[in-house]
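Reading through the structure tokens given below for one structure.
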Amino acid sequence: VFDKYSDETSWDVQRINDTGDNIVVKAYNGIDNDANTLRKESMCLEEGQYEFTIYDSFGDGLLIDVGHYIVTSYGELIVEGAEFDNSEATSFSLPLTTAPSATP
């Protein structure tokens, strides 16, 4: 759910390659019309290593009273949050084998 400053929020999912040249699988940039709304995205990802990163251009994350995000795989939680500064990244593997690791 976007906070009231949805145009400050963006996110991407990157596939992590052994060569270091990661590939953006999906990305989204918020717009004013998304303020305080739920946005659901579904995607099919092959087995492998990925990183989800959420960004806030103002640097204050999502306002906790409304804004938050949740990333799941077949109902299993990968990461959720709202409190971050400019960005927050979480690496994970598919299929899920261990708990994902978040880095502010």
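Since this is a predicted model, take the numbers as computed values, not measurements. In this chain, residues are counted from 1 in sequence order.
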Among Tyr55, Phe52, Trp11, the one residue meeting ring-ring contact (aromatic ring centres under 6.0 Å, His included) with Tyr69:
Phe52
Hydrophobic clusters here meaning ILVMFWY residues chained together by side-chain heavy-atom distances under 4.5 Å, can you tell me if Met43 and Tyr50 are in one?
yes
Nearest 0.5 Å please: distance from the OG atom of Ser10 over to the CD1 atom of Ile54.
8.0 Å
If you look at every heavy atom in Gly67 and Ala82, which pair is closest and at what distance?
O-CB, 3.4 Å
How long is the span from the OG1 atom in Thr90 to the CD atom in Glu51, to the nearest 0.5 Å?
8.0 Å
Nearest heavy-atom contact between Ala27 and Val24 is CB-CG1, 4.1 Å
So with a 6.0 Å cut-off around CD of Glu46, is the heavy-atom count from everything else above 12?
no
Closest non-hydrogen atom pair between Ile70 and Leu77, with its separation
CG2-CD1, 3.8 Å
Which pair of heavy atoms, one from Gly59 and one from Asn86, lies closest together, and at what distance?
CA-OD1, 3.1 Å
Any chance you could measure Asp56, atom CG, to Asp3, atom CG, to the nearest 0.5 Å?
7.0 Å
If hydrophobic clusters are built from ILVMFWY residues whose side chains come within less than 4.5 Å, do Val79 and Tyr28 share one?
yes
When rounded to the nearest 0.5 Å, the distance separating CD1 of Ile23 from CG of Asp12 is 13.0 Å
Report the distance from atom OG1 of Thr9 to atom CG of Leu62, rounding to the nearest 0.5 Å.
5.0 Å
Rounded distance [0.5 Å steps], NZ in Lys26 versus SG in Cys44
10.0 Å
Between Glu8 and Asp60, is there a side-chain heavy-atom distance shorter than 4.5 Å?
yes
Side-chain contact, heavy-atom cut-off 4.5 Å: Ser91 with Ile16?
no
Can you tell if the side chain of Leu45 reaches within under 4.5 Å of the side chain of Val25, non-hydrogen atoms only?
yes
Could you check if a side-chain atom of Arg39 sits within less than 4.5 angstrom of a side-chain atom of Thr37, using non-hydrogen atoms only?
no
